[in-house]
Amino acid sequence: MKVVVIGASPYDILPIVLNDFLLETHVVRELTIVELNPELLQLHLTVAQAIARAADNPVDITGTRNIHAALPGADMVLLCPKTPDPVRWHADKQAMEGIGLGAQARAFGGLGGLLVGLRSGHMLRAISDSMRVVCPKALLLLRTPPLDIAAQAVNDFGGVRAYGTGAENALRGQHAVCNLLGVGIQHAHLAIAGIAGAPYLLDAREPDTNADLLPEIERKIMDGAWGTLPAHILSVYGAVPVGDLRYHTDRLPDMADSPRYDDLPMPGTPAFQRDRLTALATVATEGLSAKGRAAWATMMPTCGIHFGMGALSLIGEGQGLLAGLMLPNTPAYLPDVPSGIVVQVPLPCCRGSLVDAPALNMPLPLRDLIVQHGEACRCAARAAWFGDRTALRETVELLPALDGIDRLYALDFVEQRIAAHRDVLPQFFD
């Protein structure tokens, strides 16, 4: 089986993928790493080869800077860049601040996230077009921001099987809820789902008695256990937001206590990133000697994320599950939400393992939010894919994050930024 990994960050996802593909499983026979930075590419290759040797794994490991040259024969493609282009994002941020829209300078939603999503469209279309020709049966796993727009676009128009994946927020939410209750994860049956990338707690039960734990959780949240912002969101939408709240507030109307972005969210501090690169360099030179294993252990997550093993299970080549998938909705996932809208499907956890989801009673305000945001993302996906300006106008008309803003003013601003980024938005000018 051939796996292609594109743009995996050395600070978070790359170590997990290499650990799962090369150490924990031996079903991958060909691994191709795609990285535009030649120095990082060499580091990634050296680390991967050192791990494979230590694991006595005969996988064929290659690297390239050319995405399309890597795709022929692939069974799975992991498209991993998680952070928008910082230069273009900061230019958008400065422009928004200059006209009184600074609160919309967001990474994953609002006007800032919309512009990021539009700029991803041409790349997603090019990769999908290549995959249909050279690896038509391959699975495309997306971690491309914003995931709600990216996953919607490829599923609606790409002609390839594609899932968005972002389990971290849901899994961290699971741990946070259990900590709030003062119990281990084996003592709560939780169902977490909702907007792609911004999940909510929809059900919580005691496993043995089936007692409803939601009232206690909601009372603690309203009493300020997690601060004022989760309590505010719960009071408006009737559900507890879980995980990193920036993913939620990016997709909501501006609130007084919404976090502001001075910079793009990056994996860790500069010191953390330096430590990660040092650890990778140690593995590259030491392999999995005692020193190398100690360095490798520092890079493994603490909240049970096994991205690679879960990804393999999706194509029948491994054991485990990839939680927190972002898929077009069906009645089996969120029955109150129209089919076709990309949602974060239920992550039901019981005794620390995934189980069948319970019947979910979604609060009406949250259901309305998911539907409105989802329809906006469907329009944004069409605009990003085809440069469709009618769909762009409909996106701006629908986005819940723009409530309270003159939408014609916002649309005019987006058009100005499309012109400013014309070189990466050819679909709007062909």
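The model shown is predicted, which means the values in this text are computed figures rather than measured ones.
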- Query: Could you walk me through whether D257 and T228 pass the side-chain hydrogen bond (donor to acceptor under 3.5 Å, both in side chains) check?
  - Reply: CA-CA 8 Å; D257 45 1; T228 60; 3.2 Å; yes
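- For R389 and E415, the salt-bridge test passes: some basic side-chain N is under 4.0 Å from an acidic carboxylate O.
- Side chain of T25 to main chain of D20: a donor-acceptor pair is present (N/O by atom type, distance under 3.5 Å, no hydrogens or angles).
- Taking CG of D148 as the reference point, atom CZ of R251 lies at 4.0 Å (rounded to 0.5 Å).
- Remark: R422 qualifies as a cation-pi partner of F429 under the 6.0 Å distance and 45° angle criteria applied to the six-membered ring.
- When every heavy atom of L202 is checked against every heavy atom of M362, the shortest pair comes out as CD1-CE, 4.0 Å.
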- Item | side-chain hydrogen bond (donor to acceptor under 3.5 Å, both in side chains) between S9 and D12, intermediate numbers included | CA-CA 6 Å; S9 165; D12 47 18; 3.3 Å; yes
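- Using bins of under 30°, 30° to 60° and over 60° for the plane-to-plane angle, the ring pair W89/Y261 lands in the perpendicular bin.
- Listed by first and then second residue, the side-chain hydrogen bond (donor to acceptor under 3.5 Å, both in side chains) pairs involving residues 57-66 are T32-T62 (not counting sequence neighbours).
- Remark: the D203 side chain and the H189 side chain contain no N/O donor-acceptor pair separated by less than 3.5 Å.
- Not a single ring pair (Phe, Tyr, Trp, His ring centres under 6.0 Å) links F413 to another residue, sequence neighbours left out.
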- Message: Test salt bridge (Lys or Arg N to Asp or Glu O under 4.0 Å) on R417 and D412; report intermediate values, then the result.
- Response: CA-CA 9 Å; R417 298 313 299 163; D412 182 63; over 6 Å; no
Side-chain donor-acceptor pairs of residues 102-122 under 3.5 Å, sequence neighbours excluded:
unit_1	atom_1	unit_2	atom_2	d
Q104	OE1	L111	N	3.0
Q104	NE2	A401	O	3.1
R106	NE	A103	O	3.0
R106	NH1	T249	O	3.0
R106	NH1	D250	O	2.9
R106	NH1	L252	O	2.8
R106	NH2	L252	O	3.4
R119	NH1	D92	OD2	2.8
R119	NH1	H421	NE2	3.3
R119	NH2	D92	OD2	3.2
S120	OG	V116	O	3.2
S120	OG	P145	O	3.3

